[in-house]
Amino acid sequence: MEWGNILESMSRVNQILEHEEYIYYVEKIDKLEKERHFCKHGFEHGLNVARIAYAYLLEQGELIFTKECIYAAAFLHDIGRWVEYETGEDHAEASARLALPLLEACQFGGDEIQVIIKGILEHRRHHEDNLSLLGAALALADDWARDCRHCSVQVLCHKYHQDMNLVVY
Ligand SMILES: [Fe+2]
Ligand SMILES: [Fe+2]
């Protein structure tokens, strides 16, 4: 594929990243997580989850939605983290709520939005818990995106188990 076509195929994802609300939320999360020792939830985490979820679905032969949908879901899945810090609301719910107008503003269609929002809502559940395909991919990628091997707070982390030292994607 030519460079111009590659760029074009991801234009709506890049619109999200340039959107003032996305930038505002990520800056807010970065600020609130400044002193956090556990994994952070800014742009880099979204990018890692996007690439891993995409690779996983590609490898499974289950790429039934576009790369843009996977990346959009990954970049937005934790966008409501700051709401959880401020109000205690579950961040999957908050992220889904904040993602909706962003997806509409960036030209995602109704069917795509439905799949993405469902994936975001499901991302904290166990991947074998009867999730949608995108929800399961996000749940798995969310764990695989962490660098547990070199983490200084392994023993304090509720998410950590020994398998997370292994590289999968
Ligand atoms: Fe999350
Ligand atoms: Fe996450």
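All residue numbers in this chain count up from 1 along the given sequence. We count ligands from 1, going down the list as the structure has it; atoms in each ligand are counted the same way.
Residue pairs meeting the ring pair (Phe, Tyr, Trp, His ring centres under 6.0 Å) criterion with at least one partner in residues 7-38, sequence neighbours excluded, are Y25-W82.
Proximity of H123 to H91: side-chain heavy atoms (C-beta onward) are separated by under 4.5 Å at one or more points. Within the 4.5 Å cutoff, side-chain heavy atoms of I70 are placed close to those of L63. A 4.5 Å side-chain heavy-atom check between W144 and L166 finds every atom pair outside the cut-off. At a threshold of 4.5 Å between non-hydrogen side-chain atoms, the residues R81 and K40 do not count as touching.
Using cut-offs of 30° and 60° for the angle between ring planes, the Y71 and F75 rings count as tilted.
Take the Fe ion (ligand 2) and draw a sphere of radius 2.8 Å; the protein N/O/S atoms inside it number 4.
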